[in-house]
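So that the names make sense, note that chain A is the first sequence line, chain B the second, and so on, each numbered from 1.
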Amino acid sequence: MENNEIASIFRDITNLMQIKGENAFRVRAYENASDVVDSLEHSLKDLHAEGVDLKSIPGIGKNISDKIEEMLLTGRCSKLEELFKTYPAGLLQILKLTGVGPKKAALFFKELGVSDIDALEAAALAGRIEPLPGMGKKTEEHILKAITDLHSVSGKRSLANPLSHAKEICAFLKAALGVIKCVPAGSVRRWKDSPRDLDILVVTDSANTVAGKVFVKYPHVREVLSKGDTKVSVILDDGLQVDLRILGKEDFGSALHHFTGSKAHNVAMRERAVKMGLKINEYGVFKVSDDTRVGGASEESVFKAVGLPWIAPELRENRGEIEAAEAGKLPVELQADDIRGDLHMHTTASDGSADILTMAEAAIERGYEYIAITDHSHATGIANGLDEARLMENIKAIDNVNNILAKRGLSFRVLKGAECDILGDGTLDYTVEALRRLDCVVGAIHSGFNQPRDVMTARIVKALSTGLINILAHPTGRLIGRRPPYEVDIEEVMKVAKRNRTFMELNSYPDRLDLKDTHLKLAKEMGILVAVSTDSHSPQGLSNIHYGIHTARRAWLEKKDILNTRPLEEVMELFGK
DNA sequence: GCCGTTTTCGGCCCGACTGTTTTCAGTCG
């Protein structure tokens with residue numbers, strides 16, 4: 001059983017325990033365990049096999065450790081099976097309806113025998129919800145609407161979408177309200193790979209209610225979910241939920257910290273505050289004894305009040321950042337200036353929109369010292385992949401561009417590369433002779449995504465074992481919101497990669513961000529350098545590097561952990577060339 | 001159910017908004 005499956009079972013247990021009405025703190029323990037398991041970089045299966053005591057993981061105690069062990073050994077979870085005997089799985093679907101939580105689900109189940117969404121819809125249509133205690137006509141209407149919306153609400157989306165909305169909304173509000181501070185917060189500010197909503201913080205010194213009134217008139221608002229003096233929630237026409245928070249400027253720091261989250265980070269921060277006789281909320285940090293305000297104007301002041309240095313938003317997931325901050329061991333944030341080159345991009349030779357020289361000039365413009373041109377290989381026919389004859393022509397074209405740049409007195413270097421397909425059986429799409437003529441071979445999967453886990457793992461292992469691949473591109477193949485990652489034992493792949501001097505890519509394209517943060521953290525722990533690349537198909541694509549930089553920060557990667565923060569000679573040496 | 005520079009027992013984060021209510025429970029983030 002994989003971590004995500006175990007996390008999902010703990011999530012189901014959490015929900016059913018809530019419906020059952022169990023002790024809230026016990027419920028929270030399972031909820032917390034679900035998050036902890038989901039963000040582990042190591043597979044529990046491996047840890048258990050290596051004899052690691054699972055109780056050493058924070059948030060995992062005796063009980064939950066036993067349950068994990070049961071799942072690993074039997075593939076089943078008796079606690080969940082027990083809960084399912086009384087509470088049907090359909091109740092979990094009911095909880096997905098907005099406005100319906102465990103209390104209402106329990107009420108409908110107990111009073112009406114409703115155990116799935118269809119039965120709930122029938123009950124609402126028959127007017128059987130309204131007479132229940134605490135329910136009314138509006139509750140019934142909202143339930144019917146929530147059932148209709150369930151299918152139209154879009155799921156995961158990449159960061160690019162909410163970021164562009166944030167830009168537009170802030171411009172709209174500034175145009176209407178004049179001088180205000182308007183910044184995205186929430187998961188977008190933490191650069192989480194697939195945000196579920198967009199949080200925007202507005203700071204004014206005029207009457208608070210104005211910003212909310214203006215915001216609901218934003219042209220792309222499809223529906224207003226709730227509207228108060230300091231908080232307005234809407235759905236945009238493409239299904240994105242936007243929560244706007246309006247606060248005074250003296251609260252800016254505490255408000256920004258509060259609405260940046262994550263929830264788990266905030267909870268940990270508040271628990272820390274409580275132990276120090278303090279209370280943290282969105283309005284500031286206060287002494288419990290006499291309500292004196294001891295912080296809140298800036299984020300720094302919030303952290304300082306609880307004895308910590310400022311923690312970068314990307315780290316705020318309660319994955320050890322508070323402990324690291326206390327110990328003075330926070331990672332040094334990777335900066336855009338640290339990046340010296342980009343080792344994955346395409347040109348008109350395959351499916352890019354610009355030629356080699358144009359891409360090189362765009363990279364020079366960014367202050368880079370080198371790039372690798374890595375057009376597709378023959379098997380990726382849909383991308384006009386190059387056969388070996390065309391690859392040889394491309395090599396000549398790259399030599400030619402290097403000559404042109406040298407004549408301009410530039411020391412910039414274009415590496416001869418390829419994005420070589422790892423074919424279905426693990427063989428490579430170019431011959432050894434062809435690959436040996438290249439400076440930078442990027443290996444990638446572009447077909448056969450549905451192979452079973454062991455087959456896929458063996459396929460990639462076989463390819464890496466040739467020792468011919470310098471960088472494994474987008475190692476899990478996911479496209480956020482469109483295609484799940486293929487099944488693969490990434491830890492095994494990385495072990496083989498390390499032996500063969502293959503580096504892992506962090507693909508900066510916002511729809512990919514592959515490897516993801518927890519896998520990157522694992523790479524760092526295993527001592528594998530990461531190539532932060534853009535996979536650009538145009539000169540503009542190079543700017544996607546900032547998605548990679550922030551994702552690297554989420555994984556606690558520093559300059560020293562990144563391949564392309566190094567000078568070209570060192571990169572070539574690491575490639576064994 | 002987890003956890004421990006106040007504890008192996010007794011704690012466990014904080015507030016806005018809605019709907020159904022006359023003071024609050026439920027949901028959400």
Next item on the list: Kindly determine whether A:Lys227 and A:Val216 satisfy side-chain contact (heavy atoms from CB on, under 4.5 Å), including the steps that lead there.
Entry: CA-CA 9 Å; A:Lys227 185 156 117 41; A:Val216 295; 3.5 Å; yes
Next item on the list: Using a 4.0 Å cut-off on protein heavy atoms (strictly under), produce a 5'-to-3' string for nucleotides 16-25 of chain B with B for base contact, S for backbone-only sugar-phosphate contact, and - for none.
Entry: SSSSS-----
Are any of the side-chain heavy atoms of [X] and [Y] separated by less than 4.5 Å?
X        : Y        : answer
A:Glu140 : A:Met135 : no
A:Pro331 : A:Leu557 : no
A:Ile147 : A:Ile117 : yes
A:Asp46  : A:Glu491 : yes

Short N/O separations, protein against nucleotides 9-12 of chain B, under 3.5 angstrom:
none

Please report the distance, rounded to the nearest Å, between [atom1] in [X] and [atom2] in [N].
X        : N      : atom1 : atom2 : value
A:Gln18  : B:dG26 : CD    : P     : 12 Å
A:Lys67  : B:dG1  : NZ    : C1'   : 9 Å
A:Asp35  : B:dG29 : CG    : C1'   : 14 Å
A:Lys55  : B:dC3  : NZ    : P     : 11 Å
A:Arg272 : B:dC14 : CZ    : P     : 15 Å
A:Lys145 : B:dT27 : NZ    : P     : 18 Å
A:Phe10  : B:dG1  : CZ    : P     : 11 Å
A:Leu80  : B:dG1  : CG    : P     : 14 Å

Considering only the [atom1] atoms, how many Å lie between [N] and [M], rounded to the nearest integer?
N      : M      : atom1 : value
B:dC12 : B:dC17 : C1'   : 25 Å
B:dC14 : B:dT21 : C1'   : 24 Å
B:dT20 : B:dG26 : P     : 14 Å
B:dG1  : B:dT8  : C1'   : 14 Å
B:dT18 : B:dG11 : C1'   : 32 Å

Note to self: When you compare the side chains of A:Ser233 and A:Asp243, does any donor N or O come within less than 3.5 Å of an acceptor on the partner?
What the structure shows: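 Result is yes, a qualifying pair exists.
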Notebook entry, point to check: With both distances under 3.5 angstrom, what nucleotide forms a Watson-Crick or G-U wobble pair with B:dT8?
Noted result: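 Looking at the geometry, B:dT8 pairs with no nucleotide.
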Margin query: Please classify the nucleic acid contact of A:Leu97 as base, sugar-phosphate, or nothing, using heavy-atom distances under 4.0 Å.
Written below: sugar-phosphate
Margin query: What's A:Thr98 touching, base or sugar-phosphate or nothing? Going by heavy atoms closer than 4.0 Å.
Written below: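 Since only primed, P, OP1 and OP2 atoms lie under 4.0 Å of A:Thr98, the category is sugar-phosphate.
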Next item on the list: Search all heavy atoms of A:Glu31 against all heavy atoms of A:Thr14 and return the closest pair with its distance.
Entry: N-OG1, 3.3 Å
Notebook entry, point to check: In this structure, which one of A:Phe109, A:Phe108, A:Phe84 forms a side-chain contact (heavy atoms from CB on, under 4.5 Å) with A:Leu91?
Noted result: A:Phe109
Note to self: Here's a test of your reading of the structure: between A:Ile64 and A:Asn266, which maps to the more 5' nucleotide of DNA chain B?
What the structure shows: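 On the 5' side of the pair lies A:Ile64.
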Notebook entry, point to check: Side chain of A:Ser254, backbone of A:Gly284: donor and acceptor closer than 3.5 Å?
Noted result: yes
Next item on the list: Assess A:Lys20 against A:Tyr87: is NZ or CZ under 6.0 Å from the centre of the six-membered ring, and within 45 degrees of the ring's axis?
Entry: no
Item checked: Aromatic ring pairing A:His550/A:His546, orientation class (parallel under 30°, perpendicular over 60°, tilted between) ->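 Judged by the thresholds at 30° and 60°, the geometry between A:His550 and A:His546 is perpendicular.
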Notebook entry, point to check: Which of these, A:Glu82, A:Glu5, A:Glu81, sits in a salt bridge (Lys or Arg N to Asp or Glu O under 4.0 Å) with A:Arg76?
Noted result: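 Of the listed options, the one satisfying the test is A:Glu81.
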Next item on the list: Scan A:Arg512, A:Arg478, A:Lys516, A:Arg157 and name whichever one has a salt bridge (Lys or Arg N to Asp or Glu O under 4.0 Å) with A:Asp193.
Entry: A:Arg478
Item checked: Contact under 4.0 Å: A:Lys263 side-chain N or O vs B:dC14 OP1/OP2 -> no
Next item on the list: Indicate whether OP1 or OP2 belonging to B:dC14 is found under 4.0 Å from a side-chain N or O atom of A:Asn281.
Entry: no
Would you tabulate the nitrogen or oxygen pairs shorter than 3.5 Å linking the protein to nucleotides 4-8 of chain B?
none

Check: Between B:dG1, B:dG26, B:dG29, which nucleotide has the shortest distance from any of its atoms to the side chain of A:Lys104?
Finding: B:dG26
